[in-house]
Amino acid sequence: MSEHLPILVVLIPLFCALLIFLAGVFQKRAAWAIASLATFLAFAASVKLLALATAGGRISYRLGGWEPPWGIEYVVDYLSGYVLTIISFIAFMIAVFSRDYVKKQVGLDREVNFYAIYLLLITGLLGMIVTGDIFNLYVFLEIASLAGYALVAVGKKKGAIVASYNYLILGTIGAVFVLLGIGHLYMVTGTLNMADLRGLLPGLYHSKVVLTAFAFFVIGFGLKFALFPLHTWLLSAHSLAPSAVSSILAAAVLKVNVYALIRVMFTVYTPEFIYNVVPLAEIFFIIAPVAILAGSIMAIAQTNIKRMLAYSSIGQIGYITLGLALANETALTGSLIHILNHALMKGGLFLIAGCIIYQTDIYDISRLKGMGRKMPVTMAAFTICGLSMIGVPLTVGFISKWYLALGVLEAGRWYFIPLILVSSLLTAVYFWRVIEWAYFHKAASEEALPGRKIAEAPVLMLIPIGIIALFCLIFGTAAFIPEEFARRAAEFLLGGI
Amino acid sequence: MKELIIIRVVARLMIPFIQLFALYVIAHGELGPGGGFQGGVILGASFILHVLAFGLEESRRRLSEKVTDLLNPAGLLLFAGIGLICLIGGGMYLEYDRLPVTANPILASQLGIYGIEIGVGITVAAIMVTLFFEMAHRHDD
Amino acid sequence: MMIELIQGKYVYWFYITLMMIGFYAMIAKGNLIKKIIGLNIFQTAVFLFYISIAVSEGSTAPIMLAESYGSLDAGTVTYTNPLPHVLILTAIVVGVSVTAVALALVIRIYKTYGTIDEDRIARLEQESP
Amino acid sequence: MMETLHSPLPLYAVTVSLLAALLIGFSGRKPNLREFWTVSAAVVKFLLILGMLLPVLQGKVIEYSLFSVVPGLEIRFKVDALGIFFGVTASFLWIITSFYSIGYVRALKEHAQTRYFICFAVALSATMGVAFSANMFTTFIFYEIITFCTFPLVAHKQTAEAFSGARRYLTYLLGTSIAFQLAALFLVYFTAGSLDFAAQGILAGTGSKTLLTVIFVLFIAGITKAAMMPFHSWLPAAMVAPTPVSALLHAVAVVKTGVFVVVRVVLHIFGVDLLAELGLGTALAYFASFTIIAASIIALRQDNLKALLAYSTVGQLSYIILGAALLTPAAIMGSVMHIVLHAAGKITLFFTAGAIYVAAHKTKVSELGGIGRKMPFTMIAFSVGALSMIGVPPLGGFISKWYLTLGAREAGQMPIVAVIVVSTILNACYFLPIIHAAFFKEPSPPGGHGEGHSHKAWPWEKTRYDEAPILMVCALCLTALVTLILFFAPSVFFDLAKMIAEG
């Protein structure tokens, strides 16, 4: 059975999404259980796949039995195994978290749709990761995006629908750009298989069509993962969506789109092309620092906790792109660890914000006074994720910054060191503010929240947060685990297949 | 309502033929131009014609929300399920010649594609109808 | 030179123009429905581009005819490349889905705000955050 | 090569107070049990460290590798002469401070006592961690832990003033350590490929002169806990903390961690030879001299007793850096000796400041007239501490100043000798008047100072002696005694200092 895992990891959430629709006609309560089970199975399959890929190298699956250049191929290698595991893990955590959250913040009548669409989103994301066919990538991208638009609008917040609409318009532009890029590549090579493209393209690197295609890919995926000047949709979409959705959007959707760009950069094109033929690195060297600084500074200015987290995502994406541009193994390792890091901590932080909002309806940071005592577990998790975001040693955030910084030095671009450190400081400013309000200030008098005692969120919401926070620590102390996978993946990307 | 009488009579006459044609297109997809998408759209169009002629409520009585809600995923499940059954036959996903219903790979392949076209047809038709109902229905709540 | 560029590759100019029209509508129009129309034009332009790359002069539809069955001679008949058509069929379905979701959102926006004008919605949002 | 013992003792020494912190947290409702944990952890920790002292004195090094975070970044402990020196100092003074703290918080009925003791214990763990770490990465982690877990202690009063002080404390310490120290770490790892401490440093012959200078400057700027000017102002700001906190943390644990790390960097990252070759030692020495003089001058103008002590600390810490920067064996000995001598003296002074606050509610120098007659033990201890600070024999402070002067001469830096002399005079100028006022001036009439307590006579005016609680007085007398003993019997510390100076 394990040879079918690459397709099963996509099929499980798909089947379960359909099952939820089907079952939802009769029994609405089963939705959560099916979604949790599906994401768990996908996670288990991902772990197994990662183990297989680590042991035996590239796993290829021929869909419908057709040979690769003609048929659709699914590929699990170091990189996709690594990202697959991260994304399916986060998806599982968020699914577990959602039970109580969705009941209250989304509403019972939309529960079935929520979970089914959520699973479709996961299907799209996992599909994007495993597919080795570039058009198939586009199809999964659109499945994930459509589910994403729908999920943003599912909440009760009024502005969310407009946010979703804007997300849809810009997201579709991005997807169409990707489609155009694929079309250009197909025009000159006549193939859609990534590995095949890699073999055919080098002779055409200076062809304008191939260059244009690359530009379309960068802009298209850049729009999807909120690369700095293309980030405007992210703020309202991430801050107004229900927190569980913000969490999956920030932790998984952004990451998978970054992954897709990495795939295109290193598997369809080659390091030789992206670093020597096109001035991608030079562009990223300008964009990434601006993104890092602007994201952090704007985050400081926010009073709404979810908006703060949304802005900080823009800065964090900047780190990942910086690592991509540096063109050495250490920096790329840092980038890949940062994908894990950001998935864990931003996913965790949005869930934590969800807990707070679920219990208190508080969005304003200054009203979190005394929350450390009222919601100790939640705030402890917040602190850990926050420290990881700052990059304090023994959290996973430090590891990614460590490798990024070493990569920066290796590339001889020492002037990015102050950038990394300053942005850490800025991050410390906006997180410490919350931590101080929560722990060291006396709670505001109860009149602020009439007739309501603030207590901890339900256990099923706390467990995922706790696990995520724990992993921030585990991967910060036993960092050789993610480092091993990330370094192998980086080696593999830069070294060629 | 009187001015609708011509429309209604014509619609009543046309709908069975449209549906028959839809089924033909779906079934023919394996060998010639046609298939689940096209057939499904035609099938869906027949229901939409019914709605236009007879009104939302009358159509809903014939084709309830529950049924379309069931048909939506059911078609897809049929598609994906056939693909999955191929695994049992020892093939890859969607490798129809390994469909464990017959030993003849060509027949198995044909059956597989039939099944899939039917699945696609059901879903497309159901989605069309659902979309139309959702858009036409005025949510006054 | 210029004439040649326009004449020889007029298909591309056509689709670029179409694409820009759609793009303009998506960015500049304040009416949310018009944006969706722009979106569709934008997508259609790309579909046409795909179809155009499949064509080669004098080619026929890629249907295997009875008379050529069994004696497949690649040299005699030129087929249109069917693959882009298949891809675009998928892309059209995706496009329809996007349009459907967008329209559903607009309906909900209209119900919430009573308008589908972007500026007015922004003003309403500012008044009651 | 030195003999290396592999033993988890350093780990135990670090974690024993972490364990205590847990137990303290669980027994928050029973103050006596809670205090029992604090005290027993302090004692156990001290005994563990004594257990390591003997092998170290025999010239052995105790090592324990905990785990690797990633290849190249290892959490590893190594107990050498310098580490055990600092460890013994801090752990011994923790025992005394524990008793003092108990007296202090109970006398003042402080709020959040459990949090107070937990943070205290964690801070001590982290201090031991710094003392026993075998590489810069481990040091950095514990350095940051100290910063984080002392924040609640500094902000303990939770008033607006306390928060602004604590925020400045955090901004300076965290800000510079992330901005500069971490950058230095990146650069060291990048150039030397390792962060381990080695007897002759690890950077020799690795990078260009400019790069090494940049690293050195980043280190000095990044180790703000050493309170070198211009990054000193967190220390006076942190004086909003309760007095035992100021005493232990800002005379021993926090600031000494700072200078300890500076000494580590000078001796074991760069190495004496490399710094001499680069000429950076002299530059640092003059920089430290500036801090010494400037801080003493500022101290002259302080009326708040704790602020005065804070500025005095700023100056005294720079002695230690000065000694290390001179790079001669005698100067390094003086520098290392000053770690323990200043600790003993300054903790006495802080203890007395706390005792005065508890017993008489006075915080200002100008209010201390005649207080020596009411609180004779306290003020005698104060005098001992102050005289040790000035460097009057037969008190401990004399030894370190003697060796520093010797070292400065050895290095041929006569201006530095002058700096030491001038600063001694300045020290005398701000300490002696207090002693004079305390013993020979008439008590200022109640109500004459400060509008806060102008309305009634204090109870202490009726009785002749009105000392602070017995636990506090005992503690401060003990530390004063230690200052005295250290002059006559510095042997253990002396031997260790010699080992350090000789590498």
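Below, all heavy atoms of this structure are taken into account, side chains as well, without hydrogens, waters or symmetry copies. Labels below follow one simple rule: chain letters A, B, ... track the order of the sequence lines, proteins then strands, and each chain is numbered from 1.
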**Fill in**
Here the pair of heavy atoms bringing A:L22 nearest to B:P73 is CD1-CG, 3.6 Å

**Request:** Could you tell me whether the side chain of A:F21 reaches within less than 4.5 Å of the side chain of B:D69, counting heavy atoms only?
**Result:** no

**Request:** Would you mind checking which part of A:I7 comes under 4.5 Å of any heavy atom in chain B, side chain (CB onward), backbone (N, CA, C, O), both or neither?
**Result:** side chain

**Asked** Just how far is it from atom CG of B:L94 to atom CZ of A:R62, taken to the nearest 0.5 Å?
**Response** 13.5 Å

**Prompt:** Side chains of B:L84 and A:L8: does their closest heavy-atom pair fall under 4.5 Å?
**Reply:** yes

**Message:** Atom CZ of residue position B:R12 - does it have more than 12 heavy atoms of other residues, nucleotides or ligands inside 6.0 Å?
**Reply:** no

**Fill in**
Distance col, row A:W66:CH2 vs B:M92:CE, nearest 0.5 angstrom, shows 13.5 Å

**Backbone N/O of B:Y93 and side chain of A:Y61: donor-acceptor pair under 3.5 Å** = yes

**Item:** More than 12 heavy atoms of other groups within 6.0 Å of B:E57 CD
**Value:** no

**Derivation of the side-chain contact (heavy atoms from CB on, under 4.5 Å) call for B:L77 and A:F15** = CA-CA 7 Å; B:L77 266 179; A:F15 261 93; 3.3 Å; yes

**Message:** Take a 6.0 Å sphere around CZ of B:F132 and say whether it holds more than 12 heavy atoms from other residues, nucleotides or ligands.
**Reply:** yes

**chain B contact via A:F26 - side chain, backbone, both or neither, heavy atoms under 4.5 Å** = side chain

